[in-house]
Structure formats: C-alpha cells, structure tokens
Amino acid sequence: MSLFRRSRIRRTRRGTYRVELPEEERDLLRRLLPQLRSLLADEDPGDGRTRRLHPPAYTDDDDADADYQRLMREDLVASRLAALDAVEASGDATELDEQQLLSWLGSVNNLRLVLGTVLDVSEELEIGELPDETPDVEAYALYAYLSSLLGEMVDALDPN
C-alpha cells in the first residue's frame, strides 16, 4: 500500500477539474448541504453555530462592526446560498469548471466552519489522536473528512 494516495480532485489538461468522489461521499454532502442552507437562511440561529461564518470585521469597535454586519451580512449569505445552489446542481458531476469547484470549496469550508464551531475545534486539536471513546467522535471524523476534502480542492486549484 502506498503512503500517498492519488487525489480525487485534480486539474485536467483542459483546465477543468476531475472529481472522483465515491457515491457515499456525494450522498453525505447531499445530506449536509440542506442543513447548511437552513442555518444560512436563519437570520440568527441563536446558538452561535454560524459565528465563524460571520466573524467580526472590527474587533475593537462594536459600532463599526455592527454597521459592517448590517451592510454585508445579506450579501455574504446570498453568495453562500448561490454557492450551495451550484454545488447541488453539480453534485453528480465528475468534471467541474473552476467556478463550480470554487463553489464546492466555499460550501465545504462553510460546513467545516460550522461543525468546527459546534465542536469548539482549535488549531491545537489533533483529531487523529482522539480516543475512540471521545464524545462526538463521529462528528470529529466528519470534520477531519471535510478538512481533507477541502485540502484536495485547494491543491487542485493551486497552479504549481
């Protein structure tokens, strides 16, 4: 067995992106995306799950940050919903153009940010070192999967 596996998302010579995800992973994304859509559509979920999607723009000026959030939040949510639309429309595709892959990247990252907020993930966390008895171990595994998938997309988009 090789230590390096072939990326499931890679740039083609035509400048498109080949996506070779198993059906189970596509099904997982199909189940998660509507949950993200619901969170995005809710103006204030009240439980803080979306706080990493709307970080403060001005950490030292509450009034300026409130103005920024008031002015930008609707546009940010609309762009995230449009990205979700694009991912849902291309969910079965084996080849994506760059804009579609960017929509996938943004949506997977948003899923990951929400889950990371729920789990209170920090940069110090080593998911691979969590014991099997850890509460929510499946959620941590999902977080690791989303992080890996995101990394494959970033690598595919990297021109080097």
Side-chain angles (χ1 to χ4, degrees), residues 5-12 15-59 65 68-69 71-128 130 136-160:
R5 70 169 191 196
R6 186 170 150 216
S7 180
R8 298 158 318 150
I9 302 170
R10 61 190 182 286
R11 186 187 312 262
T12 68
T16 59
Y17 298 87
R18 185 88 182 139
V19 179
E20 297 175 344
L21 295 180
E23 194 59 31
E24 301 81 34
E25 292 181 34
R26 290 175 188 267
D27 284 343
L28 175 63
L29 292 174
R30 284 185 201 102
R31 288 191 311 269
L32 293 174
L33 294 173
Q35 294 175 44
L36 178 59
R37 179 182 298 285
S38 177
L39 282 173
L40 289 172
D42 188 350
E43 295 261 336
D44 178 20
D47 57 12
R49 289 180 287 175
T50 61
R51 77 174 174 268
R52 289 185 186 176
L53 297 179
H54 307 285
Y58 301 94
T59 56
D65 189 60
Y68 173 83
Q69 295 294 333
L71 292 171
M72 297 303 299
R73 187 178 186 115
E74 189 175 316
D75 288 343
L76 290 170
V77 168
S79 70
R80 289 179 175 130
L81 291 172
L84 283 173
D85 290 342
V87 174
E88 289 170 336
S90 61
D92 292 326
T94 57
E95 197 165 309
L96 303 173
D97 64 30
E98 185 170 316
Q99 190 56 51
Q100 288 170 314
L101 185 57
L102 287 170
S103 293
W104 279 56
L105 183 137
S107 295
V108 167
N109 189 51
N110 290 335
L111 284 167
R112 187 179 155 278
L113 287 170
V114 169
L115 185 57
T117 301
V118 170
L119 296 172
D120 197 26
V121 170
S122 68
E123 290 189 27
E124 293 80 36
L125 177 69
E126 292 293 333
I127 292 176
L130 291 173
D136 299 322
V137 72
E138 295 88 3
Y140 285 103
L142 176 58
Y143 181 85
Y145 164 74
L146 293 171
S147 297
S148 174
L149 184 59
L150 184 66
E152 287 186 57
M153 290 180 208
V154 169
D155 290 346
L157 287 162
D158 184 5
N160 298 323

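What you see is a predicted model, and the numbers here were worked out from it, not measured in a lab.
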Thr94 side, atom OG1; Glu20 side, atom CD - distance, nearest 0.5 Å: 8.0 Å
CG-CG distance between Leu40 and Leu53, expressed to the nearest 0.5 angstrom: 6.0 Å
Greater than 12 external heavy atoms within 6.0 Å of Glu25's CD: yes
Donor-acceptor contact present, side-chain Thr16 to main-chain Thr12, <3.5 Å: no
Heavy-atom side-chain proximity of Leu115 to Leu111 below 4.5 angstrom: no
Side chain to side chain, Leu105 and Leu150, heavy atoms closer than 4.5 Å: yes
Euclidean distance, Leu29 CG relative to Glu88 CD, rounded to 0.5 Å: 10.5 Å
Atom pair NE2 (His54) and CZ (Arg73), whose distance is rounded to the nearest 0.5 Å: 3.5 Å
Option among Leu142, Leu146, Leu21, Leu33 that satisfies the side-chain contact (heavy atoms from CB on, under 4.5 Å) test with Leu28: Leu142
Residue pair Ala83 / Ser103: nearest heavy atoms and the distance that separates them: O-CB, 3.7 Å
Non-hydrogen side-chain atoms of Asp42 and Thr50 separated by less than 4.5 Å: no
Nearest atoms (heavy-atom pairs only) where Ile9 meets Glu152: N-OE1, 3.6 Å
Partners meeting side chain to side chain donor-acceptor pair (under 3.5 Å) with Arg26 (sequence neighbours left out): none
Short side-chain to backbone donor-acceptor contact, Ser147 and Tyr143, under 3.5 Å: yes
Donor-acceptor pair, side chain of Arg11 and main chain of Leu157, under 3.5 angstrom: yes
Gln35: side-chain contact (heavy atoms from CB on, under 4.5 Å) partners, not counting sequence neighbours: Leu32
Separation between CZ of Arg80 and CZ of Arg37, rounded to the nearest 0.5 Å: 13.5 Å
Point-to-point distance, once rounded to the nearest 0.5 Å, from CG of Leu96 to CH2 of Trp104: 5.5 Å
Side chains of Pro22 and Arg8 in contact at under 4.5 Å (non-hydrogen atoms): yes
Donor + acceptor pair across side chains of Tyr17, Gln100 (<3.5 Å): no
Donor-acceptor contact present, side-chain Asn110 to main-chain Gly106, <3.5 Å: yes
Expected output: side-chain Thr117 to main-chain Leu113 donor-acceptor under 3.5 Å: yes
For the student: nearest non-hydrogen atoms of Leu101 and Ala156, plus distance: CD2-CB, 4.4 Å
Flag side-chain contact, heavy atom, 4.5 Å: Val121 against Arg112: no
